[in-house]
Amino acid sequence: QVQLVESGGGSVQAGGSLRLSCVASGYTVSGNCMGWFRQAPGKEREGVAAIYVGIYGGFLTYYNASVKGRFTISQDNAKNTMYLQMDSLKPEDTAMYYCAADFKLFGREIAPPSPPRYWGQGTQVTVSS
């Protein structure tokens with residue numbers, strides 16, 4: 001059974017940093033994508049960042065334009081853990097952040113043609129001005 005467990009959310013002031021972690025059990029990303037999505041109250045869920053890990057270990061990263069240059073996604077396959085380093089946080093980054101796994105991306109947008117197969121329970125990020 002696949003489980004994704006996020007941690008690292010919290011409350012910070014604008015300009016601060018947080019690092020989200022997602023530990024995957026029962027799943028290893030290979031030839032597929034894992035990523036982070038977020039949903040703010042009253043808004044649609046949106047892709048934040050994603051990472052494609054090739055079957056031979058190479059990887060590609062994808063970022064929402066609103067976070068590019070501020071957020072960094074990474075993957076540690078040895079620990080089955082994905083990270084999202086979030087720097088220079090803004091109030092508009094406030095949302096519930098979800099880890100997701102097992103999806104494809106075509107093009108540079110984080111808009112999978114089919115929803116990710118696995119989701120975590122979410123971790124809240126609140127940025128105050």
Side-chain angles (χ1 to χ4, degrees):
Q1 184 178 357
V2 174
Q3 280 192 319
L4 304 177
V5 180
E6 304 102 329
S7 61
S11 297
V12 296
Q13 289 192 327
S17 298
L18 286 172
R19 188 174 83 153
L20 305 184
S21 299
C22 172
V23 179
S25 57
Y27 180 83
T28 300
V29 60
S30 178
N32 225 327
C33 292
M34 286 188 71
W36 295 93
F37 294 76
R38 68 185 180 188
Q39 188 166 21
K43 294 189 176 181
E44 292 189 357
R45 184 177 62 200
E46 63 175 355
V48 178
I51 185 165
Y52 168 82
V53 179
I55 59 175
Y56 299 113
F59 65 92
L60 292 171
T61 55
Y62 305 77
Y63 293 97
N64 186 307
S66 67
V67 306
K68 198 167 186 179
R70 300 188 296 121
F71 291 10
T72 303
I73 189 171
S74 61
Q75 173 75 19
D76 186 338
N77 265 354
K79 297 181 178 180
N80 262 10
T81 302
M82 179 177 63
Y83 303 98
L84 184 67
Q85 178 66 42
M86 305 186 294
D87 298 319
S88 302
L89 282 161
K90 303 176 180 179
E92 50 264 43
D93 295 319
T94 295
M96 184 71 79
Y97 283 69
Y98 297 91
C99 169
D102 199 353
F103 59 96
K104 301 288 188 185
L105 291 177
F106 302 100
R108 300 303 297 173
E109 298 294 322
I110 308 173
S114 298
R117 184 174 181 183
Y118 305 110
W119 291 89
Q121 81 287 353
T123 186
Q124 178 68 36
V125 172
T126 302
V127 185
S128 58
S129 56

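Position 1 is the first residue of the sequence, and the numbers go up from there. Computed from a predicted structure; not experimentally measured. Because only heavy atoms are used, hydrogens play no part in the values below, and waters and symmetry mates are left out as well, while side chains stay in.
Both Leu18 and Leu4 are assigned to one and the same hydrophobic cluster, defined by single-linkage of ILVMFWY side chains at heavy-atom distances under 4.5 Å. No continuous path of hydrophobic side-chain contacts links Met34 to Tyr98 [ILVMFWY only; heavy atoms under 4.5 Å]. In the hydrophobic clustering of ILVMFWY residues, with side-chain heavy atoms under 4.5 Å counting as a link, Ile73 and Met86 come out together. Linking Ile, Leu, Val, Met, Phe, Trp and Tyr whenever their side-chain heavy atoms come within less than 4.5 Å puts Tyr118 and Met82 in one cluster. Side-chain heavy atoms closer than 4.5 Å link hydrophobic residues (I, L, V, M, F, W, Y) into clusters, and following such links, even through other members, never connects Val53 to Phe37.
Using modelled atom types, no side-chain atom of Gln85 and backbone atom of Arg19 make a donor-acceptor pair closer than 3.5 Å. Under the 3.5 Å distance criterion, the side-chain polar atoms of Asn32 are left unmatched by any main-chain donor or acceptor of Val29. For the pair Asp76 (side chain) and Thr81 (backbone), a donor-acceptor distance under 3.5 Å is absent. A distance-only check finds no donor-acceptor pair linking the side chain of Thr126 to the backbone of Thr94 [under 3.5 Å]. In this structure a side-chain-to-backbone donor-acceptor pair under 3.5 Å is missing from Glu46 to Arg38.
The shortest non-hydrogen separation linking Pro91 to Ala14 is CD-CB, 4.1 Å. Shortest non-hydrogen contact noted between Phe103 and Pro112 is CD1-CB, 3.9 Å.
Judged as a salt bridge (Lys or Arg N to Asp or Glu O under 4.0 Å), and not counting sequence neighbours, the contacts of Asp102 are Arg117. Partners of Ser17 under the side-chain hydrogen bond (donor to acceptor under 3.5 Å, both in side chains) rule, at least two apart in sequence or in another chain, are Asp87.
Around atom CD of Glu109, no more than 12 heavy atoms belonging to other residues, nucleotides or ligands sit under 6.0 Å away.
Screening residues 54-87 for ring-ring contact (aromatic ring centres under 6.0 Å, His included), with sequence neighbours left out, gives no hits.
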Any chance you could lay out the side-chain contact (heavy atoms from CB on, under 4.5 Å) test for Leu105 and Leu60, step after step, and finish with the verdict?
-> CA-CA 11 Å; Leu105 291 177; Leu60 292 171; over 6 Å; no
Checking side-chain contact (heavy atoms from CB on, under 4.5 Å) for the pair Cys99/Trp36: CA distance, chi angles, key distance, verdict?
-> CA-CA 5 Å; Cys99 169; Trp36 295 93; 4.0 Å; yes
